[in-house]
Amino acid sequence: MISFASDTVTVVRAPVVVDRYGAEVRDWANAIRTSLEGCRVQPLDSSGGQVIEPRRDAVVTRWRLFAPAGADLVATDRVEWQGGTYEVDGDVQRWSSPTGALAHVEALLRRVEG
């Protein structure tokens, strides 16, 4: 576990439902929120003026989340922290200590605004 960890984040996990067209989608309106203590969130980068889709300028901000070894976090979750909502960007990484025990969990977080 990271000794300087003092952030609390909320993991947001949405159930999968079938929409009216028969496609499986996440139901964020009925997501389950779980508090996760003992974390650390650190900035990575931010870039502005990216065109996310035609005629849409956006600011993309990324953070790295360090969480305790037992954190229940998966790539399809979202994370709420300090008033913002972030998507988990890529696979969640589980790091081992030199003894082979799980040391901590890391995830990249991403928010697109604009």
Side-chain angles (χ1 to χ4, degrees):
M1 175 136 135
I2 300 166
S3 60
F4 55 87
S6 62
D7 293 321
T8 298
V9 302
T10 301
V11 175
V12 184
R13 184 166 296 160
V16 176
V17 297
V18 177
D19 69 10
R20 63 183 175 164
Y21 303 106
E24 290 186 348
V25 296
R26 298 272 168 193
D27 182 6
W28 293 106
N30 291 302
I32 295 171
R33 287 172 165 71
T34 306
S35 182
L36 183 57
E37 297 180 2
C39 297
R40 188 69 176 164
V41 182
Q42 296 181 336
L44 280 178
D45 55 35
S46 182
S47 57
Q50 291 188 3
V51 178
I52 301 299
E53 54 188 56
R55 294 184 285 208
R56 179 178 168 206
D57 288 333
V59 174
V60 178
T61 306
R62 295 184 331 135
W63 297 79
R64 182 176 304 276
L65 169 65
F66 298 89
D72 182 16
L73 186 67
V74 295
T76 54
D77 289 339
R78 292 181 179 172
V79 173
E80 295 173 341
W81 176 69
Q82 290 191 345
T85 301
Y86 302 85
E87 294 180 355
V88 174
D89 189 12
D91 288 333
V92 174
Q93 302 166 344
R94 301 187 191 288
W95 289 85
S96 297
S97 70
T99 64
L102 185 60
H104 69 279
V105 173
E106 290 184 29
L108 295 178
L109 306 179
R110 177 176 178 253
R111 180 171 65 184
V112 178
E113 295 180 289

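Applying the side chain to side chain contact (heavy atoms under 4.5 Å, CB included) test to V18 and every residue at least two apart in sequence or in another chain returns E24. The salt bridge (Lys or Arg N to Asp or Glu O under 4.0 Å) test applied to R20 returns no partner, not counting sequence neighbours. Partners of R78 according to the salt bridge (Lys or Arg N to Asp or Glu O under 4.0 Å) rule, which considers only residues two or more places apart in sequence or in another chain, do not exist here. Partners of N30 by side-chain hydrogen bond (donor to acceptor under 3.5 Å, both in side chains), not counting sequence neighbours, listed by chain and number: D27. With sequence neighbours excluded, no residue forms a side-chain hydrogen bond (donor to acceptor under 3.5 Å, both in side chains) with S35. By the side chain to side chain contact (heavy atoms under 4.5 Å, CB included) test, R13 is found to be paired with D72, V74, D77, residues two or more places apart in sequence or in another chain being considered.
Think of V16 as one node in a network of Ile, Leu, Val, Met, Phe, Trp and Tyr side chains linked at under 4.5 Å; it has no links at all. Other residues sharing a hydrophobic cluster with V12 under the 4.5 Å side-chain heavy-atom criterion for ILVMFWY residues are W28.
Side-chain contact between R26 and P15: absent, with no pair of heavy atoms (C-beta onward) separated by less than 4.5 Å. In this structure, L108 and R64 have side chains that are in contact, with non-hydrogen atoms separated by less than 4.5 Å.
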With a cut-off of 3.5 Å and sequence neighbours excluded, list every side-chain donor-acceptor pair involving residues 80-93.
unit_1: E80; atom_1: OE1; unit_2: R33; atom_2: NE; d: 3.3
unit_1: E80; atom_1: OE2; unit_2: R33; atom_2: NE; d: 3.2
unit_1: E80; atom_1: OE2; unit_2: R33; atom_2: NH2; d: 3.0

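Each of L73, L36, V41 was scored for a side chain to side chain contact (heavy atoms under 4.5 Å, CB included) with V79, with one residue passing: L73.
From D7, atom CG reaches atom CZ of R40 across 5.5 Å, with rounding to the nearest 0.5 Å. Within the model, atoms NE2 of H104 and CD of E106 stand 3.5 Å from one another, a figure rounded to the nearest 0.5 Å.
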